[in-house]
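Some notes on the structure that comes next.
For the single chain, residues carry numbers from 1 onward in sequence order. The structure displayed is predicted, hence computed values, not measured ones.
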Amino acid sequence: GALGLTQIAGRLAGGVLLDRFNPRIVAGGSVLLPIATAIMLILFPGHWMMALMAIILLGFAAGAEMDAVAYLCGKCFGLRKFATLFGAFSGILTLGFGIGPMAANYIYDQTGSYDGMLWAVVPMTLMSAMLFLWLRPFPDFEKKEA
């Protein structure tokens, strides 16, 4: 329940932040939140309050990420290609959200711990954040269409 509620809050907060700050930085920052989640779960195994805080951070991140992807698709590539690109990107994200738990369960079955999966989150999220930060400047589509 906490994950769903914080995803809604993350979408709202992400939308507000995208309107007020550099969207590349907002997107990159939202992608970095799962690092804090992974480290909290690694450092405090079995601690329910830390697990709840980790879930709350993960919910905010997941909510803000989807808003950021939608916003940046439109800004970077224009509205003419928006539906195709956003559909592809959200499909890839959904695939990741589906494969992640299966991979975590496989790692747990093989090692008896989720730590390997949690440590794998760190470089993957760093790479994702860098991709958001390296996006090219937004083109001016109005000038091109005129």
Please set out all donor-acceptor pairs under 3.5 angstrom arising from side-chain atoms of residues 43-56, sequence neighbours excluded.
{"unit_1": "H47", "atom_1": "ND1", "unit_2": "M49", "atom_2": "N", "d": "3.4"}
{"unit_1": "H47", "atom_1": "ND1", "unit_2": "M50", "atom_2": "N", "d": "3.2"}

Do any side-chain atoms of residues 18-28 form donor-acceptor pairs under 3.5 angstrom with protein atoms, and if so which ones, sequence neighbours left out?
{"unit_1": "N22", "atom_1": "OD1", "unit_2": "R24", "atom_2": "N", "d": "2.9"}
{"unit_1": "R24", "atom_1": "NE", "unit_2": "L135", "atom_2": "O", "d": "3.2"}
{"unit_1": "R24", "atom_1": "NH2", "unit_2": "R136", "atom_2": "O", "d": "3.3"}

Contacts under 3.5 angstrom, residues 91-99 side chains, donor-acceptor by atom type, not counting sequence neighbours:
{"unit_1": "T94", "atom_1": "OG1", "unit_2": "S90", "atom_2": "O", "d": "2.7"}

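Every residue two or more places apart in sequence or in another chain that forms a side-chain contact (heavy atoms from CB on, under 4.5 Å) with S113 is listed here: T111, D115. R11 pairs by the salt bridge (charged side-chain N to carboxylate O under 4.0 Å, His left out) definition with D67, not counting sequence neighbours. Listed by chain and number, the residues in a side-chain contact (heavy atoms from CB on, under 4.5 Å) with A104 are Y114, M117 (sequence neighbours excluded). Under the rule for a ring-ring contact (aromatic ring centres under 6.0 Å, His included), the partners of F86 that lie at least two apart in sequence or sit in another chain are F82. With sequence neighbours left out, L32 forms a side-chain contact (heavy atoms from CB on, under 4.5 Å) with I35, L126, A129. Remark: S30 pairs with A64, E65 by the side-chain contact (heavy atoms from CB on, under 4.5 Å) rule, at least two apart or across chains. By the ring-ring contact (aromatic ring centres under 6.0 Å, His included) test, F89 is found to be paired with no residue, residues two or more places apart in sequence or in another chain being considered.
V121 belongs to no hydrophobic cluster, as no Ile, Leu, Val, Met, Phe, Trp or Tyr side chain comes under 4.5 Å of its own. Alongside L131, the hydrophobic cluster contains no other residue (criterion: ILVMFWY side chains under 4.5 Å).
One distance of note links CG of L33 with CG of L57; it measures 5.5 Å at 0.5 Å rounding. The line from CG of L72 to CG of L85 is 12.0 Å long, rounded to the nearest 0.5 Å. In this structure, CG in L12 is found 9.5 Å from CZ in F60, a value given to the nearest 0.5 Å.
No continuous path of ILVMFWY side-chain contacts below 4.5 Å connects L3 to I8, so the two sit in separate hydrophobic clusters. In the hydrophobic clustering of this structure, M124 does not group with M66; members are Ile, Leu, Val, Met, Phe, Trp, Tyr whose side-chain heavy atoms approach within less than 4.5 Å, directly or through other members.
Between S128 and V31, the shortest heavy-atom contact is CB-CG1, 3.3 Å.
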